[in-house]
Amino acid sequence: LAQRLVEALNLQHLNATDINPTAPLFGSQQGSLGLDSIDALEIALMVQQFYSVTLRSEDPESVAALTSLRSLSNYVATHHGS
Amino acid sequence: VTVLLGSGLPDTPLIWCAGQPVSRRQFASAVHAFAAAQPMGSNILNLCAGRLRFMVVLAAAGLRGQVTVLPQSSSASALAAAGANNSHCINDAAVPFATGAATIDQPGLQVPESATACILYTSGTTGSPQPHHKTWAALATTAALDAERLLESGPVNIVATVPPQHMYGLQTTMLLPLFADCAVHDGRPFFPADVSAALAEVPAPRMLVTTPLHLRTCVESRLPMPPIAQVLCATAPLSLELAQRAETEWRTAVMEIYGSTEAGTIGTRRTVAGDRWRLLPKARLDGEIAHCTYHAAHLPASILLRDCIERLPADGFRLLGRDADQIKVAGKRGSLAELNAQLLRVPGVVDGVIFVPDGCERTAALVVAPALTANSVRQLLAQTIDEAFLPRQLVLLSQLPRDTLGKLARKALSAALRS
């Protein structure tokens, strides 16, 4: 998932293995990946294409999934194939 | 006077909220009630995200002769630039709405035609956005011209991914319903599944108002979409390939608008039909290439266009691309020169350059700032430039890779970024 994130978001300056699984994906605080709403859309497309997992704004679980790499990974694992 | 909702039957839907229609009469009743409860005087800063509430506040301000101010974003700097301190700020929570309470028979709302209806701001790279005033008469004409060109088969039900606070969203999701008998979905769907669900909540014929970015993610998601009669795209160039794919897979027609905050719509095209754009009816272009001006009777002055344009016979024109200094990210225009000026104004930055690396959409920066970290440069920069233009990659160096003439070659910039 980290590798696909790097590819989908063009984060050429990062190695997939360097992403801290609990670091915030969004926002400007220390340690955050500093992603924005355009990236959120790309993440939704990526998980749809590779895992058939759908994100919805009105679903709080979907929104919480975008907190960190780990939360996204847990969400994908739970909803994959459902 | 100009009349909002002057045509159309009183009981037809104006807005779709969670699958339920709000009729023109219900809406106008809510506008009168809201207008009566508001303090007089100051400008109205309309921050509502829901389109029903945004439209109630917009129309109520018109009824009372108050000016609606639309900031570029809800960031602190955009609000300050829009004069938030001297305005009455209204968000969704401040607008009560009870459906089913139509207290009036005729929905028509009279607003002063030559008064300023709205002040919009052009995206400022520098933190000093420029205001643009629109009268109600100008907005009514804009809507009539857009409808004449875009709604060849009559009114549609609109679902939009763009906010009503910017000109494109204002024209399509507010003015087409208020002046041209369309209805609009209350929400602003974001993810592809949200777009699909919102489209399913309105009846046919549907029009999806969006941007190339959203269109691409919706098409590539391969999620099933209800029938879409028409797709409208603006804010960035749409590729022929994506337009063709959307037309084929959704059996729809994809139209593009070329326009600006100052002008509204300048021209339109059906993307798959080629690179010839058609000017709006009764409009005119003067000049050539980098010095083209746009004239239309409803605009107070002619407008110098920031794109290079080739005029074609009759009402045609072709876009030749932008000035090398101009960049566009997420629909926002910026000037690299202005961004670089802001970077060099950051306390502690000795030297630096912001540029767009080949093959990237976002900016990157090389910065010399011995006393700062990359993160602190980014945070200081975020106070003066729009988030969209913030460097995705920000690399600190001991010096920039200048050549013997002191210039920065593109090749050297890319190499420094990679290392």
Side-chain angles (χ1 to χ4, degrees), chain A residues 4-16 18-20 23-67 71-72 75-76 78-82, chain B residues 18 49 73 161 163 187-198 210-224 236 329-332 357-362 364-365 373-383 386-395 414 417-419:
Chain A
R4 284 176 175 153
L5 202 65
V6 166
E7 285 164 15
L9 305 184
N10 272 320
L11 303 171
Q12 296 104 332
H13 59 297
L14 288 180
N15 289 319
D18 292 343
I19 299 178
N20 176 354
L25 296 177
F26 299 88
S28 60
Q29 68 271 48
Q30 191 74 35
S32 165
L33 266 70
L35 304 183
D36 61 19
S37 63
I38 300 176
D39 299 307
L41 208 48
E42 298 290 356
I43 293 173
L45 178 60
M46 185 269 284
V47 299
Q48 182 78 47
Q49 287 180 323
F50 286 103
Y51 307 100
S52 303
V53 168
T54 302
L55 298 183
R56 283 292 310 267
S57 302
E58 286 164 15
D59 170 22
E61 221 193 316
S62 277
V63 175
L66 292 170
T67 307
S71 63
L72 184 64
Y75 184 84
V76 167
T78 314
H79 293 80
H80 179 49
S82 66
Chain B
S73 72
T161 63
R188 183 183 165 198
F190 182 72
F191 294 124
D194 301 335
V195 173
S196 174
T210 190
T211 62
L213 173 74
H214 259 105
L215 182 60
R216 177 174 63 75
T217 49
C218 285
V219 168
E220 289 185 357
S221 75
R222 300 190 148 271
L223 287 172
V329 181
K332 293 176 179 172
D358 294 329
C360 289
E361 287 176 30
R362 308 300 192 86
T373 64
N375 210 41
S376 54
V377 174
R378 191 193 300 275
Q379 284 183 4
L380 291 166
L381 208 47
Q383 293 173 7
D386 192 286
E387 178 189 75
F389 302 118
L390 270 186
R392 165 50 53 84
Q393 239 183 305
L394 197 152
V395 176
S414 302
L417 204 58
R418 275 194 303 274
S419 65

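Convention: sequence-line order gives letters A, B, ...; per-chain numbering from 1.
The structure places CG of B/L394 at 9.5 Å from CG of B/L417, a figure rounded to the nearest 0.5 Å. Atom-to-atom distance recorded for B/L223:CG and B/F191:CZ is 12.0 Å, nearest 0.5 angstrom. Rounding to the nearest 0.5 Å gives a distance of 7.0 Å between CZ of A/F50 and CD of A/E7. The distance from the OG atom of A/S57 to the CZ atom of B/R188 is 10.0 Å, given to the nearest 0.5 Å. The distance from atom CG of A/L35 to atom CG of A/L5, rounded to the nearest 0.5 Å, is 7.0 Å.
In this structure, chain A has a heavy atom under 4.5 Å from the side chain of B/N375, while its backbone stays farther away. Heavy atoms of A/S62 lying under 4.5 Å from chain B are absent altogether. Using a 4.5 Å cut-off between heavy atoms, B/Q379 touches chain A through its side chain atoms alone. Using a 4.5 Å cut-off between heavy atoms, B/R378 makes no contact with chain A at all. At a 4.5 Å heavy-atom cutoff, the contact between A/T54 and chain B is made by side-chain atoms alone. Interface remark: B/L390 contributes no atoms to any contact with chain A (heavy atom separation under 4.5 Å).
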Inset, instruction - Evaluate the criterion side-chain contact (heavy atoms from CB on, under 4.5 Å) for residue pair A/I38 and B/R362; output intermediate values, then yes/no. - result: CA-CA 11 Å; A/I38 300 176; B/R362 308 300 192 86; 3.3 Å; yes
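Per-residue heavy-atom pair counts under 4.5 Å with chain B were compared for A/M46, A/E42, A/Q49, A/R56, and the maximum is reached by A/R56.
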